[in-house]
Structures are given as structure tokens and as C-alpha cells.
Amino acid sequence: MFQGIFFQAICKMGIFMICAQTIVHFRPKESYEKYCKLLVGMMVLLLLMIPLTGFLLGEDSRLSVRVVEEYQRMFDGTLPGAAENERKAQELLERMTMEEIGRRMEAEEKAAGMSEDAAADGVRKEETQKEEAQKEEAQKEETQKEETQKEETQKGEAQEEDVQKGDAQGQ
């Protein structure tokens, strides 16, 4: 429905532009050209504004609210997925960093003649520290997710109340 309205407006505007160019081309005096172009420009703007105002203010206002709500739902649906992807990327980065640290420690161990047991203990300590840090970050993310979900739920309820009030006032 929304696309049909704008398609019709574009068709009407195309026909109007052809007719307007014909009038400008066959004007009686050349001094009238700027006035004709000014008039045609204003009429084109009006042709553009009629469907937009009808969509935003008129009979299609409910449709505009629905379109906005649809985009909001789409946006809200992709947000948790993005947070999950970020968490996975962070874990991968940490794992790769730990592997690089392990390789460098092995190289230094070989160069310094350290025993493998001492180096392994150092790596284990670092790994446990990283795991503890990851757990803390995961807990923080969980609490942030819960807070944002509560806020979004409250916003959605408030928007629904506003829409219902608007419908009640419109009737």
C-alpha cells in the first residue's frame, strides 16, 4: 500500500513534468521563462508533499506508526546477535593472544634454558586469570542485557499506550 501510493505519485509527477516542459518550451515570450520555471518548481514540490503529508498526518498515520514499529523490532532483533558476535570475537582474540604468549614464552624458555615446568606454571596462572576476567565480563554483559531488555519493554509498553490513546482520541 505504502509503495503503491508513492509509485502513483511518481507517475503523476512524470506526466506533469512532461507537460510542464512543453509549456515552458512553447512560452509566448522569453521573459516568461523564469516565472514558468518557478511555477513548475512549486507545483512539483506540492506533488511531492501531498503523499508525504497524507502518509504522516492523514489516513495513513497508523501505517507510518506500524512501519516505525517494524523497523524498531528489526533493530531490537539484531542487537542481541551483535552482542553475541562481539563476545565470540573477544574470546577468539583472547585465545589467539594466549597462544602467542605461550609461543613467545616457549621461545624465551629455550633461549634462557628455563625448565618447562616453570614456564607451564606461568602460562597456567595467566590462563586462570584470563578465565576469571572472562567470567566477570560475561556477568557484566548479562546484567547489561537484562537492563536493556527491561528498558525496551518499558518503552514498548509506553509506545503502545500512546498509540492506544491516539486511536481513542481519533475515534
Just jot down the salt bridge (charged side-chain N to carboxylate O under 4.0 Å, His left out) partners of E91, sequence neighbours excluded, or say none. R87
Run the side-chain hydrogen bond (donor to acceptor under 3.5 Å, both in side chains) test against Q134 and tell me which residues pass, sequence neighbours left out. E94
Is it the case that over 12 heavy atoms from other parts of the model lie below 6.0 angstrom from the CZ atom of F16? yes
Between the OG1 atom in T97 and the CG atom in L92, the distance rounded to the nearest 0.5 Å is 9.0 Å
Can a salt bridge be assigned to the pair K135 and E131 using a cut-off of 4.0 Å between side-chain N and carboxylate O? no
Same cluster for M43 and I10 if Ile/Leu/Val/Met/Phe/Trp/Tyr side chains link at under 4.5 Å? no
For the atom pair CD (Q129) and CE (M98), what is the distance rounded to the nearest 0.5 Å? 8.5 Å
Before accepting this row, confirm whether a basic side-chain N of the pair E126/K130 lies closer than 4.0 Å to the acidic partner's carboxylate O. no
Kindly indicate whether the side chain of L38, heavy atoms from C-beta on, has any atom under 4.5 Å from the side chain of K34. no
Determine the minimum heavy-atom distance between L47 and M13, stating which atoms define it. CD1-CA, 4.2 Å
Using 0.5 Å steps for rounding, measure from the NZ atom of K145 to the CD atom of E147. 13.0 Å
For R104, look at atom CZ and say whether over 12 heavy atoms of other residues, nucleotides or ligands are found less than 6.0 Å away. no
So CG of L48 and NZ of K12: to nearest 0.5 Å the spacing works out to 13.0 Å
Rounded to the nearest 0.5 Å, how far apart are CD1 of I18 and CD1 of I23? 12.5 Å
So how far is it from I101 CD1 to M96 CE, rounded to the nearest 0.5 Å? 12.5 Å
